[in-house]
Amino acid sequence: MAQKPNIPKGTRDFGPLEMARRNYIFSTIRSVFALYGFQQIETPSMELMSTLMGKYGEEGDKLLFRILNSGEKANEAPEKGLRYDLTVPFARYIVQHREEIAFPFRRYQIQPVWRADRPQKGRYREFYQCDVDVIGTDSLVSELELIQIVEEVYKRLGIRVCLHLNNRKILAGIAEFIGAPDKIIDITTAIDKLDKIGLDNVNKELSERGLSNDAIAKLQPILALQGSNDEKLATIADLLKANEIGSKGVEETRTVLDLAKDQTLPIELDLTLARGLNYYTGTIFEVKALDAQIGSITGGGRYDNLTGIFGLPNVSGVGISFGADRIYDVLTELNLYPASMLDATQILFAAFGDDELRYALKWAKQLREANIRVEVYPEPAKMKKQMSYADAKAIPFVAIVGGNEMQSNTVMLKNMTTGEQTQVTIEQLINKL
RNA sequence: GUGGUCAUAGCUCAGUUGGCAGAGCAUCGGAUUGUGGUUCCGAGUGUCGUGGGUUCGAGCCCCACUCUCCACCCCA
């Protein structure tokens with residue numbers, strides 16, 4: 001008895017329609033990346049555990065897929081694991097290949113990543129990221145370019161988005177300001193939930209995480225910040241003016257906003273934006289679709305010392321990652337796919353007999369040389385069956401070949417939309433298509 | 001990792017207090033031997049997620065596992 005086929009939890013098959021749509025997303029993103037001079041690389045699906053561990057925080061380590069060698073037991077520390085994102089393997093790549101790279105290095109990378117998370121909507125165990133990073137410069141022009149890329153990609157895809165911007169140095173400054181510099185991770189993950197769970201619950205969580213009432217009280221004016229980006233920035237600048245790192249963050253953010261002032265993309269300074277990944281040190285951003293509720297569809301930030309752990313200190317980088325699978329879900333939900341995406345067959349040859357089939361194959365060859373997408377029905381089946389096939393695949397034209405057509409060196413061209421048909425020569429056919 | 005939820009034909013789903021396994025769509029054949037999408041007629045389809053238990057009898061009740069979806073956690 002055949003076993004019932006299935007695939008592992010949190011993974012998916014992609015059929016022809018899904019692949020056409022996914023390729024549309026990938027090629028849109030790829031072509032924008034190329035406009036800014038980014039070049040593609042790939043890295044292996046698996047990395048050494050020593051490369052992966054400790055880079056994503058405690059939670060991240062738990063979500064790593066481990067690869068066991070044969071005979072290895074699950075409780076032993078495995079040598080290899082599947083990559084969790086593309087940024088850490090990229091940092092490893094940089095350090096390993098530093099002699100071959102001209103800095104600042106601009107690379108993009110479109111590959112799947114794996115997380116042993118519990119799946120739910122918009123959340124998979126295998127999904128694609130489209131990462132674009134500049135490494136080897138601390139110029140905030142790189143931030144601007146990434147913002148421009150975000151704007152252009154979503155303009156081309158037709159998705160309305162808002163970019164949320166913050167800076168880890170501001171968050172660090174806030175932590176120092178309220179007298180709890182060592183609690184920065186606790187503070188950021190708690191305030192990140194502000195719009196989700198509300199102010200009271202955030203304060204409660206901060207308290208549970210060990211912040212003093214005094215510290216929580218000092219945080220309130222920051223949580224309550226309202227107004228335009230400039231107003232928020234002015235307020236936070238004033239609060240943190242005596243704080244060195246906070247003021248640096250404010251200054252960086254001011255510069256980024258100023259550089260980006262001509263962009264049409266809505267940019268919102270969001271001091272509650274934290275982002276979990278521990279390696280960010282400066283600008284952080286996250287992009288949300290305005291017309292769909294699926295969480296963030298793009299995110300990233302600046303990391304000053306990611307390569308340091310691999311032995312190459314003082315190399316600053318900044319990058320973002322487009323979540324292709326979530327973009328797919330947004331495009332599907334909003335029905336934003338262009339009609340011409342499929343590279344569908346333009347014409348099907350339907351033959352009545354074996355001689356007609358050979359005749360059709362000759363015609364098909366010539367049409368393909370004229371760059372027309374052609375299918376020949378591979379057997380002289382009943383006309384009804386051949387027509388049904390064309391219909392099911394939404395092929396717009398059928399060329400019917402019978403004895404009469406062969407004698408006159410023509411085919412009967414049927415327009416499947418209007419139903420009209422005319423007898424045409426090959427020149428006429430090529431012109432029509 | 002915690003809590004909940006779901007699983008029946010290729011797909012979407014009905015299925016009575018526990019008593020022969022159902023519908024629509026899709027597929028296939030025919031009405032129509034040179035014409036699809038519309039119409040009419042006919043046909044096939046199931047380890048009822050998997051394994052155990054209760055019962056004379058289980059799609060239905062009980063237990064375990066797997067998968068789906070959802071909320072946490074976290075994240076693209």
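Computed from a predicted model, the values in this text were never measured in an experiment. Residue numbering restarts at 1 for every chain, and letters A, B, ... go by the order of the sequence lines.
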Whole angstroms only, please: what is the [atom1]-[atom2] distance between [X] and [N]?
X	N	atom1	atom2	result
A:Gln423	B:rU35	CD	P	16 Å
A:Lys62	B:rU2	NZ	P	10 Å
A:His164	B:rA76	NE2	C1'	15 Å
A:Tyr154	B:rA76	OH	P	12 Å
A:Gln120	B:rU2	CD	P	16 Å
A:Asp13	B:rC67	CG	P	16 Å
A:Glu205	B:rC73	CD	C1'	10 Å
A:Lys384	B:rU39	NZ	P	12 Å

Does [N] have OP1 or OP2 sitting under 4.0 Å from an N or O in the side chain of [X]?
X	N	result
A:Lys9	B:rC67	yes
A:Lys193	B:rC73	yes
A:Lys288	B:rA76	no

Pairing partner (Watson-Crick or G-U wobble, both distances under 3.5 angstrom) of [N]:
N	result
B:rA23	B:rU12
B:rU17	none
B:rA64	B:rU50
B:rG57	none
B:rC6	none

Do we see A:Phe352 stacking on the base of B:rG34, given a limit of 5.5 Å between centres and 30° between planes? no

Taking atom [atom1] in both [N] and [M], what distance in whole Å separates the two?
N	M	atom1	result
B:rA23	B:rG42	P	13 Å
B:rA64	B:rA21	P	28 Å
B:rA71	B:rU8	C1'	27 Å
B:rG18	B:rC73	P	40 Å
B:rG22	B:rC70	C1'	30 Å
B:rG59	B:rG46	C1'	12 Å
B:rU16	B:rC61	C1'	16 Å
B:rA26	B:rC62	C1'	38 Å

Looking only at side-chain atoms of [X], point me to the closest of [options].
X	options	result
A:Met416	B:rG36, B:rG34, B:rA76	B:rG36
A:Gln129	B:rG29, B:rA76, B:rU68	B:rA76
A:Phe127	B:rG29, B:rA76, B:rC69	B:rA76
A:Met387	B:rA76, B:rG34, B:rG36	B:rG36
A:Ser296	B:rG29, B:rG36, B:rA76	B:rA76
A:Lys385	B:rG29, B:rA76, B:rG36	B:rG29
A:Arg118	B:rA76, B:rU35, B:rG3	B:rG3

Between the side chains of [X] and [Y], does any donor sit under 3.5 Å from an acceptor?
X	Y	value
A:Glu151	A:Thr264	yes
A:Thr43	A:Arg92	no
A:Thr281	A:Asn305	no
A:Asp133	A:Gln109	no

[X] near the nucleic acid: base, sugar-phosphate alone, or nothing, with a heavy-atom cut-off under 4.0 Å?
X	answer
A:Gly60	nothing
A:Asp325	nothing
A:Gly300	nothing
A:Ile400	base
A:Gln421	base
A:Tyr124	base

Donor-acceptor pair (no angle test) under 3.5 Å: A:Asp391 side chain, B:rG36 base: yes

Between the base of B:rG34 and the side chain of A:Glu405, is one N or O donor paired with an acceptor at under 3.5 angstrom? yes

To check you understand the geometry: which heavy-atom pair defines the closest contact between A:Gln428 and A:Gln423, and what is its length? OE1-O, 4.2 Å

Any idea which heavy atoms bring A:Leu312 and A:Thr307 closest together, and the distance? O-OG1, 2.5 Å

Side chain proximity check, A:Leu413 to A:Leu429, heavy atoms < 4.5 angstrom: yes

Within 45° of the axis and under 6.0 Å from the centre of the six-membered ring of A:Tyr84, does NZ or CZ of A:Arg115 qualify? yes

If you take the centroid of each ring, where Trp contributes its six-membered ring, are A:Phe33 and A:Phe322 closer together than 6.0 Å? yes

With RNA chain B as reference, determine whether A:Gly403 or A:Ser321 sits nearer its 5' end, using the nearest nucleotide of each. A:Gly403

Specify the residue among A:Thr417 and A:Asp117 whose closest nucleotide of RNA chain B lies further upstream toward the 5′ end. A:Thr417

